[in-house]
Protein chains: 2
Amino acid sequence: MKKKNYDSLKLSNQVCFPLYACSKELVRQYGPFLKELDLTYTQYIVMMVMWENEVASSRELAEYLHLDYGTLTPVLKRLEQASYISRERSAEDERLLTIKLTDEGRKLKDRAVHIPPCIAECMGLTMDEFRALYELTYKALRNMEEKNN
Amino acid sequence: MKKKNYDSLKLSNQVCFPLYACSKELVRQYGPFLKELDLTYTQYIVMMVMWENEVASSRELAEYLHLDYGTLTPVLKRLEQASYISRERSAEDERLLTIKLTDEGRKLKDRAVHIPPCIAECMGLTMDEFRALYELTYKALRNMEEKNN
DNA sequence: TACCATTTACTTGTGCGCAATTGAATAATA
DNA sequence: TATTATTCAATTGCGCACAAGTAAATGGTA
């Protein structure tokens with residue numbers, strides 16, 4: 001009777017766990033910095049898109065950020081409440097929700113620009129390592145998304 | 001008047017975002033597999049530790065899995081409810097909660113052993129890439145944890 | 001035009017994640 | 001011993017995350 005091999009179930013053999021833990025720790029590192037701006041991490045990445053694009057549909061945000069409407073809708077409402085964005089229905093297609101960056105939201109950009117280098121410093125990787133991590137996570141992400149369709 | 005450089009705020013220049021998105025997508029990929037076992041991802045990683053160790057304190061689980069008690073306590077209660085683990089106070093130190101794997105929980109291991117290779121296949125990385133991703137995420141994790149203390 | 005399918009967004013329910021607070025047990029120290 | 005500090009766990013509150021279900025607008029087709 002051969003003994004079953006459970007090695008694959010060892011936490012130390014799983015890449016999923018450090019990835020999961022690292023992602024959580026990363027969001028935690030953002031905490032103090034984002035608190036100054038009264039933003040959560042999810043609100044922050046929405047704002048990042050808005051700072052780049054000024055205007056976007058809710059659908060575009062959901063797709064780009066890999067967020068469900070169940071997550072995105074309340075996030076957008078909070079950002080509107082904070083007057084960083086506006087939410088209005090598109091005229092051509094009443095289903096679409098048009099999100100626009102407000103002046104208030106635009107101002108926030110200057111208070112956020114110092115954050116990325118701080119986080120990079122926390123992670124303490126070399127440039128090559130950052131690039132490698134970037135490529136690997138995007139590759140895995142692409143592969144997993146293909147499986148879904 | 002020099003124009004401010006906002007490049008670091010571009011989503012495409014952030015390693016944090018793909019890491020965050022990849023982690024979420026990964027947990028989502030586990031979904032269908034874990035559903036067969038009636039487990040969530042967090043419950044699953046707790047079980048992984050228990051499958052390896054049979055006995056652990058709540059504190060050890062929290063530290064090893066980087067989980068807060070606010071997260072861990074209800075998770076452990078659910079796993080106890082499902083009779084996969086038992087929870088009892090330690091005799092020597094009444095503060096400590098001793099978690100033990102039950103027979104029911106041990107059985108689950110056989111139904112879980114096929115999952116890791118499925119997930120690895122979903123991610124679609126080469127062995128070298130898996131190893132690199134493993135090293136990089138652990139390195140970043142270690143570095144970030146040092147900053148906290 | 002009338003009917004059906006798809007798209008977009010919202011809502012509800014459940015669980016994760018964490019900060020902050022509390023309480024009990026233990027350890028450390030005057 | 002009495003006092004104080006620390007540790008471990010639970011609780012509360014808030015927001016994220018997502019599945020499932022619903023509704024309205026649009027597009028496609030008989």
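As the structure is a prediction and not an experimental result, all values here were calculated from the model. Per chain, numbering begins at 1; letters A, B, ... match sequence-line order.
- In this entry the distance linking NZ of A:Lys77 with P of C:dA9 reads 13 Å, nearest Å.
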Sequence neighbours excluded and cut-off under 3.5 Å, please list the side-chain donor-acceptor pairs for residues 44-52 of chain B, or say none.
| from | atom 1 | to | atom 2 | distance (Å) |
| --- | --- | --- | --- | --- |
| B:Trp51 | NE1 | B:Gly105 | O | 2.9 |
| B:Glu52 | OE2 | A:Leu11 | N | 3.1 |

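- For A:Leu96, counting side-chain heavy atoms from C-beta on, the closest listed nucleotide (D:dT11, C:dT8, C:dC10) is C:dT8.
- In this structure, A:Glu88 atom CD and C:dT8 atom P are separated by 18 Å, rounded to whole Å.
- Protein atom CG of B:Leu39 is 10 Å distant from nucleotide atom P of C:dC16, rounded to whole Å.
- Going from atom CG of B:Leu97 over to atom P of D:dT11 covers 11 Å, rounded to whole Å.
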Going 5' to 3' through nucleotides 16-27 of chain D, assign each nucleotide B (protein heavy atom under 4.0 Å from a base atom), S (under 4.0 Å only from sugar-phosphate atoms) or - (no protein heavy atom that close). SBBSS----BS-
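- The salt bridge (charged side-chain N to carboxylate O under 4.0 Å, His left out) search around A:Glu104 returns A:Lys107, not counting sequence neighbours.
- In this model, the phosphate group of C:dC10 is approached by a side-chain N or O of A:Thr73 to a distance below 4.0 Å at OP1 or OP2.
- Contact annotation: B:Arg87 side-chain N/O to D:dC8 OP1/OP2 distance is not under 4.0 Å.
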If you look only at distance, which donor and acceptor atoms sit under 3.5 Å apart when one is on a side chain in residues 67-80 of chain B and the other is two or more places apart or in another chain?
| from | atom 1 | to | atom 2 | distance (Å) |
| --- | --- | --- | --- | --- |
| B:Asp68 | OD1 | B:Gly70 | N | 2.6 |
| B:Thr73 | OG1 | B:Tyr69 | O | 3.0 |
| B:Glu80 | OE1 | B:Arg87 | NH1 | 3.3 |

Chi angles and distances behind the salt bridge (Lys or Arg N to Asp or Glu O under 4.0 Å) call for A:Arg142, A:Glu146: CA-CA 6 Å; A:Arg142 273 196 311 274; A:Glu146 275 173 23; 6.0 Å; no
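- Contacts of A:Arg106 classified as side-chain contact (heavy atoms from CB on, under 4.5 Å), with partners at least two apart in sequence or in another chain: A:Glu54, A:Leu101, A:Asp103.
- Here the C1' atom of nucleotide D:dA9 and the CG atom of B:Leu72 are 10 Å apart, to the nearest Å.
- Taking atom CG on A:Leu34 and atom P on D:dG15, their separation rounds to 15 Å, with Å as the unit.
- A:Tyr30 places its OH atom 18 Å from the C1' atom of D:dG15, with the value rounded to the nearest Å.
- B:Leu65 has its CG atom 10 Å from the P atom of C:dG17, to the nearest Å.
- For C:dC10, the OP1/OP2 oxygens have a side-chain nitrogen or oxygen of A:Arg89 closer than 4.0 Å.
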One pair to check against side-chain contact (heavy atoms from CB on, under 4.5 Å): A:Ile115 and A:Leu34. What are the steps and the verdict? CA-CA 8 Å; A:Ile115 299 181; A:Leu34 294 180; 3.9 Å; yes
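- In this view, A:Glu92 satisfies the salt bridge (charged side-chain N to carboxylate O under 4.0 Å, His left out) rule with no residue, not counting sequence neighbours.
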